[in-house]
Amino acid sequence: MIVRPETPSDYEAIDELLRSAFGGADESQLVRSLRASDNYVPDLALVAEENGQVVGHIVFSYVTLKNDEEFRVLALAPMAVTPARQRRGIGGALVEAGLERADDRREPLVIVLGHPTYYPRFGFEPASRYGIEPPSADIPDAAFMVRRLSQYSERQRGRVVYPAAFGMT
Ligand SMILES: CC(C)(COP(=O)(O)OP(=O)(O)OC[C@H]1O[C@@H](n2cnc3c(N)ncnc32)[C@H](O)[C@@H]1OP(=O)(O)O)[C@@H](O)C(=O)NCCC(=O)NCCS
């Protein structure tokens, strides 16, 4: 298995992968919107490839962290592995590869809204612990997590605001 940045020739396979993993078109639409926005980071939209087939996909893109200051920080979403290839470490390899690339770019942190049983193994912690608040009070504390990277500083706190494409607000 290799992990590499997506290219336009992968887009169709990614679309099919997202539809089969999520059972709908919302995430495909989200990924298309992200690619068209200036929050998209080409180096941080990754595919896992096995025998020339795209079997996994992950996107890290910019959201805003607001207090008296504003920071652009990364959020992980969406992420998917082909149903028949799940639970073999592909998702984990994608998360690890993305975190490493984000750290290499000197990004301070990565936000995720996701399963509280899945992400802590990659070093994600409840965001509230660091004064990082979700966009809406409806989001359970345990599901809103942050992975601090080596450039993290305590200045990076406040409320996370997602671009409209995420449909969060
Ligand atoms: C979440 C997802 C990306 C994980 O990818 P993966 O390659 O299966 O993950 P890994 O093999 O690295 O890790 C496996 C662990 O993930 C969790 N997991 C994966 N699939 C799961 C499932 N269907 N049900 C419950 N837990 C699951 C388990 O904790 C599992 O560990 P275990 O096998 O020791 O119990 C994949 O299951 C998926 O595409 N799910 C549908 C889409 C989705 O929900 N995406 C996340 C929200 S954006």
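Positions are given from 1 along the sequence. Remember, it's 1-based here, ligands and their atoms both numbered in the order they're listed.
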Query raised in the report: Okay, side chain of Arg101, backbone of Asp43: is any donor-acceptor separation there less than 3.5 Å?
Result: yes
Check ligand 1 for N or O atoms under 3.5 Å from a protein N or O and list each pair with its distance.
{"from": "ligand 1", "atom 1": "7 (O)", "to": "Gly91", "atom 2": "N", "distance (Å)": "2.7"}
{"from": "ligand 1", "atom 1": "8 (O)", "to": "Arg87", "atom 2": "N", "distance (Å)": "2.7"}
{"from": "ligand 1", "atom 1": "9 (O)", "to": "Tyr118", "atom 2": "OH", "distance (Å)": "3.2"}
{"from": "ligand 1", "atom 1": "11 (O)", "to": "Arg88", "atom 2": "N", "distance (Å)": "3.1"}
{"from": "ligand 1", "atom 1": "11 (O)", "to": "Gly89", "atom 2": "N", "distance (Å)": "2.6"}
{"from": "ligand 1", "atom 1": "12 (O)", "to": "Gly92", "atom 2": "N", "distance (Å)": "2.7"}
{"from": "ligand 1", "atom 1": "12 (O)", "to": "Tyr118", "atom 2": "OH", "distance (Å)": "3.2"}
{"from": "ligand 1", "atom 1": "29 (O)", "to": "Arg121", "atom 2": "NH2", "distance (Å)": "2.9"}
{"from": "ligand 1", "atom 1": "33 (O)", "to": "Arg87", "atom 2": "NE", "distance (Å)": "3.2"}
{"from": "ligand 1", "atom 1": "35 (O)", "to": "Arg87", "atom 2": "NH2", "distance (Å)": "2.7"}
{"from": "ligand 1", "atom 1": "37 (O)", "to": "Gln86", "atom 2": "OE1", "distance (Å)": "3.4"}
{"from": "ligand 1", "atom 1": "39 (O)", "to": "Val81", "atom 2": "N", "distance (Å)": "2.8"}
{"from": "ligand 1", "atom 1": "39 (O)", "to": "Val81", "atom 2": "O", "distance (Å)": "3.4"}
{"from": "ligand 1", "atom 1": "39 (O)", "to": "Gln86", "atom 2": "NE2", "distance (Å)": "3.2"}
{"from": "ligand 1", "atom 1": "45 (N)", "to": "Met79", "atom 2": "O", "distance (Å)": "2.8"}

Query - From Leu149 atom CG to Gln156 atom CD, the distance as rounded to the nearest 0.5 Å - result: 10.0 Å
Requested in this report: Taking only Lys NZ, Arg NE, NH1 and NH2, and the carboxylate oxygens of Asp or Glu, determine whether Glu125 and Arg148 approach each other closer than 4.0 Å.
Outcome: yes
Report task. Run the numbers on Ser61 and Asn39 for side-chain hydrogen bond (donor to acceptor under 3.5 Å, both in side chains), then give the verdict. Result -> CA-CA 5 Å; Ser61 66; Asn39 298 310; over 6 Å; no
Query raised in the report: Do Arg35 and Glu6 meet the salt-bridge criterion of a basic N to acidic O distance under 4.0 Å?
Result: yes
Query raised in the report: Between Asp10 and Arg4, is there a salt bridge with N-O shorter than 4.0 Å?
Result: yes
